[in-house]
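Comments concern the structure below.
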Amino acid sequence: MRYSSFFIPSLKEDPKEAVLKSHKLLLRAGYVRQLSGGIYTYLPLGLKSLRKLEEVIRKEMNIAGAVELSMPFVQPLDIWRESGRDEDYGKELLRFKDRQDRDFCLAPTYEEVVTDLVKKNIKSYKELPLTLYQIHLKFRDEMRPRFGLMRAKEFIMKDAYSFDTNEIGLDESYKKMKHAYENIFKKLGFDFKFIKAEAGEIGGNYSEELMVFSEYGEDKIVICENCGYAASIDEASSVSDYKGPLESCRQPRMTKLFTPDRKSVEAVGEYLKVDRTCFAKTLIYETESGFIAALVRGDREMNERKLKKAAGVKNLFLAKEEDVERITGAPCGFAGPFNLKDINIIAIDDEINNSEYWITGANEKDAHMANVKPGRDFTPDIVADIRSVQAGDKCIKCSGTLTVKNAIELGHIFKLGEKYSSILNAKFLDEKGESRFFVMGCYGIGVGRTLQTLIEVFSDDNGINLPVSVSPFDIAVVNLNVNDEKITSVAEKIYTDLTAMGIDAIYDDRKLSAGIKLKDIDLIGIPFKIVVGNRTIKDNIFELSTKKNNTTETFDNLDSLYKRAEELLK
RNA sequence: CGGGAUGUGGCGCAGUUGGUAGCGCACCUGCUUUGGGAGCAGGGGGUCGCACGUUCAAAUCGUGUCAUCCCGACCA
């Protein structure tokens with residue numbers, strides 16, 4: 001491909017709308033352009049890379065025995081009403097009407113359509129198992145699209161759906177898919193891990209998320225280096241390492257302490273000269289079923305998802321300041337778990353329950369209460385693990401030391417069971433001639449997100465550094481001076497030869513200064529380059545550079561240059 | 001949907017107390033250049049997001065609205 005006839009609108013400066021390194025690079029390197037919030041055009045370069053990534057995925061899916069198809073992006077709303085997910089999906093489902101006033105939506109996912117398809121076309125156990133997949137658009141009207149392709153409204157996903165006769169078959173299909181995922185992400189060079197995801201709303205479901213570690217990941221994962229335990233921050237538990245209360249706090253009743261203007265745990269701790277671990281902090285939350293007071297140790301983070309689950313509420317957010325003042329009878333910063341008005345539930349972390357003699361707010365301006373004991377001084381309604389694990393905590397399985405890492409969710413695999421087949425009445429006949437529901441699984445990979453994550457992980461200040469398997473071109477031939485006939489004829493020959501060898505080369509033949517061309521080639525993520533300039537002609541030496549490790553090899557004849565290029569591209 | 005920020009040539013930005021809309025890069029023409037974002041000379045391009053209002057006068061002040069980005073609740 002000649003650069004001059006291709007379309008690579010690269011940007012010299014960072015676009016102001018991007019924050020993430022990978023997002024900036026996608027825009028600067030001319031991979032994508034945003035049309036509207038969360039809606040992107042894949043430019044030729046981005047599309048080429050995307051196609052290569054799809055091919056890596058497709059290959060492993062096919063090896064695993066999955067069969068590709070393509071389902072409609074526009075779907076009648078009826079099928080969503082039938083499954084009941086019309087309501088569940090809420091505003092994320094983008095609805096509209098056709099000219100005959102019938103309701104349609106853009107597909108946020110394809111369980112309904114694929115289940116309907118299989119229901120109508122598979123009648124016998126003899127035709128099972130079957131796994132169907134596609135690499136296709138999805139649309140979710142996200143409340144806040146962000147970070148480029150990381151969370152887009154319109155995005156490309158590989159989604160697969162398995163159909164089995166029973167749970168044993170499902171386990172088998174699930175294993176195959178999981179294995180395919182491991183191969184795909186290993187091939188791409190990611191540092192990743194499967195973690196068990198939150199159990200679905202409907203019982204019996206099992207799912208795992210494929211997480212890739214990256215500093216800029218939106219999710220937090222807890223890992224035990226000792227035993228391999230890994231779970232999301234909302235699922236992970238740790239063993240409490242509370243060492244016991246201070247001697248001075250072992251008192252038979254609560255003691256009021258004067259703490260003028262000290263509101264935060266940190267400030268009070270400094271003032272009283274006690275560690276933050278001696279505190280139980282009381283947070284007041286508002287929910288759809290009234291106010292909740294929740295307590296965790298002073299140095300801990302409340303895990304709101306765990307709290308939601310423990311309290312059995314759907315909506316949970318910190319109460320407004322005026323509500324806190326009304327409930328506690330004191331300004332914000334002095335809340336304690338007793339004498340609270342209008343509180344429906346007091347929830348405490350099990351770590352708080354397992355010990356006693358805590359320091360809390362006194363529900364009084366400028367005062368805290370020492371030696372507060374659960375059960376004696378207040379009665380908790382719920383005792384549960386509602387704290388977030390923090391680095392250094394002890395593993396719940398092996399007591400090893402836990403670490404917390406950021407990660408990006410690139411894949412999610414589910415055992416659905418009969419969830420959709422039963423709702424949509426999708427049945428086959430088994431060996432005994434009895435009607436049974438298909439036992440299903442579904443398996444997704446965010447393809448656009450994976451591309452961006454590759455760039456996030458594999459790039460430097462000079463530009464993108466994708467692995468050969470997904471880079472838009474294999475090699476770049478840079479003609480440093482198109483006005484020089486000798487240089488041009490050599491560069492053209494190299495380009496033509498490489499192309500004839502089946503190598504996907506881009507030939508930079510633009511009438512621009514050398515610096516611009518070299519910078520662009522570095523930016524857009526071509527792993528290898530051959531620079532042809534004065535030196536090439538003068539010394540009859542050919543250069544082959546590898547971007548990844550910033551090295552250049554030289555050759556005195558074209559044959560050895562080509563041989564080496566082929567070798568590197570293997 | 002709540003909280004915050006920003007909207008000025010293609011891109012990145014400046015624009016003071018309201019008074020002729022600017023800079024860098026990019027672009028066009030010509031010449032000279034070409035091993036890391038070239039030089040000289042000339043040139044084109046903007047309803048200052050949009051609407052209404054205040055004013056003799058609005059990029060600048062007010063109200064509203066839209067878009068984009070960031071933080072939170074959701075997710076591949």
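Side-chain atoms are counted along with the backbone in the values below, which use heavy atoms only and exclude waters and symmetry mates. Quick note on labels: first sequence line is chain A, next is B, and so on, each numbered from 1.
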(request) Could you check whether A/Gly411 gets within reach of a base, just the sugar-phosphate, or nothing at all, counting any heavy atom under 4.0 Å? (result) sugar-phosphate

Could you tell me how far B/C71 sits from B/G10 if I compare only their P atoms? Round to whole Å.
29 Å

message = Over all strands shown, is A/Glu543 touching base, sugar-phosphate only, or nothing at heavy-atom distances under 4.0 angstrom?
response = base

Pick the P atom in B/A51 and in B/U47, then give their distance to the nearest Å. 12 Å

I'd like a list of close polar pairs between nucleotides 38-43 of chain B and the protein, N/O only, cut-off under 3.5 Å.
residue : atom : partner  : partner atom : Å
B/A38   : OP2  : A/Ser513 : OG           : 3.2

Sorted by chain and residue number, the salt bridge (Lys or Arg N to Asp or Glu O under 4.0 Å) partners of A/Arg510 (sequence neighbours excluded) come out as A/Asp508, A/Asp520

Side chain to side chain donor-acceptor pair (under 3.5 Å) filter on A/Lys511, not counting sequence neighbours, yields none

The salt bridge (Lys or Arg N to Asp or Glu O under 4.0 Å) partners of A/Arg95 (sequence neighbours excluded) come to A/Asp86

With B for base contact, S for sugar-phosphate-only contact and - for none (protein heavy atoms under 4.0 Å), nucleotides 64-71 of chain B reads ----SSBB

So salt bridge (charged side-chain N to carboxylate O under 4.0 Å, His left out) across residues 471-488 of chain A, not counting sequence neighbours, yields A/Lys52-A/Asp474

- prompt: Roughly how far apart, to the nearest Å, are B/C69 and B/C52 at atom P?
  reply: 28 Å

From CD of A/Glu286 across to C1' of B/G2 the rounded distance in Å is 13 Å

With sequence neighbours left out, the residues meeting salt bridge (Lys or Arg N to Asp or Glu O under 4.0 Å) with A/Arg326 are A/Asp323, A/Asp342

Comparing A/Leu316 with A/Ile156, nearest RNA chain B nucleotide closer to 5' gives the residue A/Leu316

Here the distance between atom P of B/C75 and atom CD of A/Glu92, to the nearest Å, is 8 Å

What is the nucleic acid contact for A/Arg28, judged by heavy atoms within less than 4.0 Å: base, sugar-phosphate only, or nothing? base

Residue set satisfying salt bridge (Lys or Arg N to Asp or Glu O under 4.0 Å) with A/Arg146, at least two apart, ordered chain then number -> A/Glu218

Whole-Å distance, A/Glu218 CD to B/C74 C1', equals 11 Å

On RNA chain B, more 5' by nearest nucleotide between A/Thr536 and A/Asp219 is A/Thr536

With a 4.0 Å cut-off on heavy atoms, is A/Glu13 in touch with a base, just the backbone sugar-phosphate, or nothing at all? base

A/Asn406 and A/Glu215 have their tightest heavy-atom pair at ND2-O, 2.8 Å

Q.
Taking only the P atom of each, what is the distance from B/U20 to B/C25 in whole angstrom?
A. 26 Å

Between B/A59 and B/C48, how far apart are the P atoms? Round to whole Å, please. 6 Å

Under a 4.0 Å heavy-atom cutoff, the residues of residues 519-535 of chain A touching RNA chain B are A/Lys519, A/Asp520, A/Asp522, A/Lys529, A/Val531, A/Gly533, A/Asn534, A/Arg535

| query | On a whole-Å scale, what distance lies between the C1' atoms belonging to B/C66 and B/C50? | reply | 7 Å

Applying ring pair (Phe, Tyr, Trp, His ring centres under 6.0 Å) to A/Phe190 and not counting sequence neighbours gives A/Phe185

(message) Distance check, P atoms only: B/G18 and B/U55, in whole angstrom units.
(response) 16 Å

Margin query: Distance to the ring centre below 6.0 angstrom and angle to the axis at most 45 degrees; does that hold for A/Lys547 and A/Phe528?
Written below: no

- Task: Indicate whether OP1 or OP2 belonging to B/C74 is found under 4.0 Å from a side-chain N or O atom of A/Lys308.
- Result: yes

ask   = Can you say whether the rings of A/Tyr495 and A/Tyr507 are parallel (under 30°), tilted (30 to 60°) or perpendicular (over 60°)?
value = parallel

All heavy atoms of A/Gly444 vs all of A/Met157, minimum pair found to be CA-CE, 3.6 Å

When rounded to whole Å, the CG to P distance for the pair A/Asn481 and B/G36 reads 13 Å

Rounded to whole Å, CG of A/Leu27 lies from P of B/G12 at a distance of 10 Å

Hydrogens and angles aside, do A/Gln452 and A/Ser22 bring a side-chain donor and acceptor to less than 3.5 Å of each other? yes

note: A/Leu11, atom CG; B/G10, atom C1'; distance rounded to Å ~ 10 Å

Using the P atoms only, state how far B/G22 lies from B/G45, rounded to an integer number of Å. 13 Å

Original post:
Any chance the rings of A/Phe473 and A/Phe6 have centres within less than 6.0 Å?
Top reply: yes

task = Answer with base, sugar-phosphate or nothing: what part of the nucleic acid does A/Met143 contact at a heavy-atom distance below 4.0 Å?
result = base

Next on the checklist: Is it the case that the side chain of A/Ser49 and the backbone of A/Val470 share a donor-acceptor pair, with hydrogens and angles ignored and the cut-off at 3.5 Å?
Outcome noted: yes

For RNA chain B, the expected dot-bracket line (Watson-Crick or G-U under 3.5 Å, [ ] crossing, | inter-strand) is (((((((..((((.....[..)))).((((((.....)))))).....(((((..]....))))))))))))....

Check your understanding: Stacking here means centres under 5.5 Å and planes under 30°; does A/Phe155 stack on B/A76?
Key -> yes

Whole-Å distance, A/Ile541 CD1 to B/G35 C1', equals 14 Å

Classify the side chain of A/Arg140 versus the base of B/C74 as yes if they form a donor-acceptor pair under 3.5 Å and no if they do not. no

Testing B/C74, B/C25, B/G35 for proximity to the side chain of A/Lys12, the answer is B/C25

Residues at least two apart in sequence or cross-chain that pass side chain to side chain donor-acceptor pair (under 3.5 Å) with A/Glu325, listed by chain then number, are none

On a heavy-atom basis, the closest approach of A/Cys442 and A/Tyr161 is CB-CD2, 3.6 Å

In whole angstroms, the gap separating P of B/U33 from CG of A/Asp484 amounts to 12 Å

